[in-house]
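Some notes on the structure that comes next.
Residue numbers begin at 1 in each chain, while the letters A, B, ... track the order of the sequences.
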Number of protein chains: 2
Amino acid sequence: MHGSAERSAEHAHAEPAPAGHACAHDRSEGGCAACKVRLVSVCAALTSEELAGLEALSQHVHLDPRQALFQQDDRAGAVYNVTEGALRLSRLLPDGRRQVMGFALVGDFLGLALPERFTVTAEALAPTALCRFEKGAFAGLVTRTPHLLQRLYERAGHELTLAQDHMMLLGRRTAEEKVASFLLGLRARYGRIGHESITVELPMGRQDIADHLGLTIETVSRMLTRLDREKAILIVPGGVRLMDIPRLEGLAAN
Amino acid sequence: MHGSAERSAEHAHAEPAPAGHACAHDRSEGGCAACKVRLVSVCAALTSEELAGLEALSQHVHLDPRQALFQQDDRAGAVYNVTEGALRLSRLLPDGRRQVMGFALVGDFLGLALPERFTVTAEALAPTALCRFEKGAFAGLVTRTPHLLQRLYERAGHELTLAQDHMMLLGRRTAEEKVASFLLGLRARYGRIGHESITVELPMGRQDIADHLGLTIETVSRMLTRLDREKAILIVPGGVRLMDIPRLEGLAAN
DNA sequence: CGGAAAGTTGAGGGAGGTCAACATCGGTGG
DNA sequence: CCACCGATGTTGACCTCCCTCAACTTTCCG
């Protein structure tokens, strides 16, 4: 099921640029200062000189749907900033059971902890564009730029509280609560990146949602159907419209 | 069930020192340089001058079993380093369901993310001693000491991968796997702080384990009994002796 | 020694998993 | 343009793992 079609772009980079090409002219269209994710991303911590330093390191990467950016346990050679699209971050147990640790949306940073090896597999859910920073160079910039380190640290702290929220969800909530909570959380995230709407796009499949919430695909489907039947949501192609947010918030209960 | 006996030492600090006293003479017995948790803690990043700076900020706090150090949503006025004992870090849902996010052992750092408010409640499981650092002063030291910030950042990254491990456990493992994994994980942690042994102390109760693993107290008890019956472990007063570690590792499966 | 708290064990039930059939959707080629 | 096909999602029937409820035992302290 994890066929060779999902080869890692991280590997590809070492080879003569088959996918994920990172040629110099790729970063000629405006640069970091004009980057539309700058204000929502970790780059907001930087002065314009620092930004220039960052830009010198940046490369653009594009992924097709289902293409992997990197695999769990790959040596981490770079960090990334998502500028377009969405990715699934997952871990596999030896027997194939999967846990989706989260979804990276526009503005999200991958490789935050600067780990030796990636702790998750990152795969594109849609056509996705990223800013790539060579890890060594980025680490150098970080040590020279306490601002940036501070910002990364704050971000890591934030990730940690999100992880705690999700542990609460996985350990102590019912299936219906999990699904309601997931939809509200996703809506809030879209809101923060400027796409405030009652309609929540779901670029991930039902299986991805199930593996994220610690459920099966059937249970996710049933809960969505139930919420739809009860007029709390409306299932639409490619997403869900939240019809009764107070009710959903009651279910999410936090 | 969460009676007034569990009042927060964080509150107590503002009042005229009822519990958790932090008088100057409390830090006269050796200081940070002689601190036995120094090498396993975040302080290992510091030079001896920096250590002196840290020491000037430090206060000793002692907690009795069941006493709270701080509560979820308390304004975070300090960070802590555990020097003795153990604490339970938990979160409560409005309806009383509880998730234990983890247990802090000797050498562990509380308030790592320097949050505005604590995201968990911390309660002592045994007589516990901590080093307390006023948050403002600590934050000041951090900005003046890139070493330390770097170290905190690494630590936060490590916490993040631990959180991911635990999400995998909560979302995708069976009760037996959860318990086996928990025991092995605890043993590994004790090992890292110098208490390598086949016998794992369990300073927390069954309910705490259950709330950590997303199970009920009865299921935890049954799984321990089953592992005992199968000679994988031996239940002893106050803990568990791991009799067949390969078998436990097979169950934990990762 | 006595009472409360903590832990264990058993019986029964239910939320969610499993298995299987069916529906829907999107792409591809005739 | 539509028939076909595989992938994805939905629905139903049944089952099982874990939860619930309850009784009992053990441990911990005063």
Q. Under 3.5 Å, is there a donor-acceptor pair between the A:Arg241 and A:Thr199 side chains?
A. yes
Q. Which pair of non-hydrogen atoms, one from A:Asp108 and one from A:Asn81, has the smallest distance, and what is that distance?
A. O-OD1, 3.0 Å
Q.
In this structure, how many angstroms lie between the C1' atom of D:dC17 and the CZ atom of A:Arg97, rounded?
A. 13 Å
Q: Please state how far atom CE in A:Met204 lies from atom P in D:dA7, giving the value in whole angstrom units.
A: 22 Å
**Q.** Nearest to side-chain heavy atoms of A:Glu218, which nucleotide of D:dC19, D:dA22, C:dA20
**A.** C:dA20
Q) Any luck finding a side-chain donor-acceptor pair between B:Ser90 and B:Arg98 under 3.5 Å? A) no
Q: Find out whether A:Glu196 and A:Tyr190 are in side-chain contact, i.e. whether some heavy atom of one side chain is under 4.5 Å from a heavy atom of the other.
A: no
Q.
If you only use heavy atoms from C-beta on, which nucleotide in D:dC19, C:dT18, C:dT8 is closest to the side chain of B:Leu215?
A. D:dC19
Q.
From CD1 of B:Ile233 over to C1' of C:dT8, roughly how many Å is that when rounded to an integer?
A. 13 Å
Q) Looking at B:Thr225, does any N or O in its side chain come under 4.0 Å of the phosphate oxygens OP1/OP2 on C:dT9? A) yes
Q. How do A:Thr219 and A:Arg172 order along DNA chain D: which one's closest nucleotide is nearer the 5' end?
A. A:Thr219
Q: For A:Gly238, answer base if it contacts any base atom (sugar-phosphate contacts may also be present), sugar-phosphate if it contacts only those atoms, and nothing otherwise; contact means non-hydrogen atoms under 4.0 Å.
A: nothing
Q: Between A:Pro237 and A:Met223, just flag the one whose closest nucleotide in DNA chain C comes earlier from the 5' side.
A: A:Met223
Q: Could you state the atom-to-atom distance from CD1 of B:Ile235 to P of C:dT9 in whole Å?
A: 8 Å
Q) Under 3.5 Å, is there an N or O donor on one side and an acceptor on the other linking the side chain of A:Arg222 and the base of D:dG9? A) no
Q | Euclidean distance, atom CD1 of residue B:Ile217 to atom C1' of C:dA5 [Å, nearest integer] | A | 10 Å
Q | Spacing between B:Asp228 atom CG and C:dT8 atom C1', to the nearest angstrom | A | 12 Å
Q. In whole angstrom, what separates A:Asp64's CG from C:dG27's P?
A. 14 Å
Q: Find the distance B:Gln207:CD to C:dT8:C1' and express it as a whole number of Å.
A: 14 Å
(Q) I want to confirm an ordering. Mapping B:Ser221 and A:Ala175 to their closest nucleotides on DNA chain C, which one lands closer to the 5' end? (A) B:Ser221
**Q.** Residue A:Arg66, side-chain atoms from C-beta onward, closest of D:dT8, C:dA11, C:dG17
**A.** D:dT8
Q. Would you say A:Phe70 and A:Thr121 make side-chain contact, with heavy atoms under 4.5 Å?
A. no
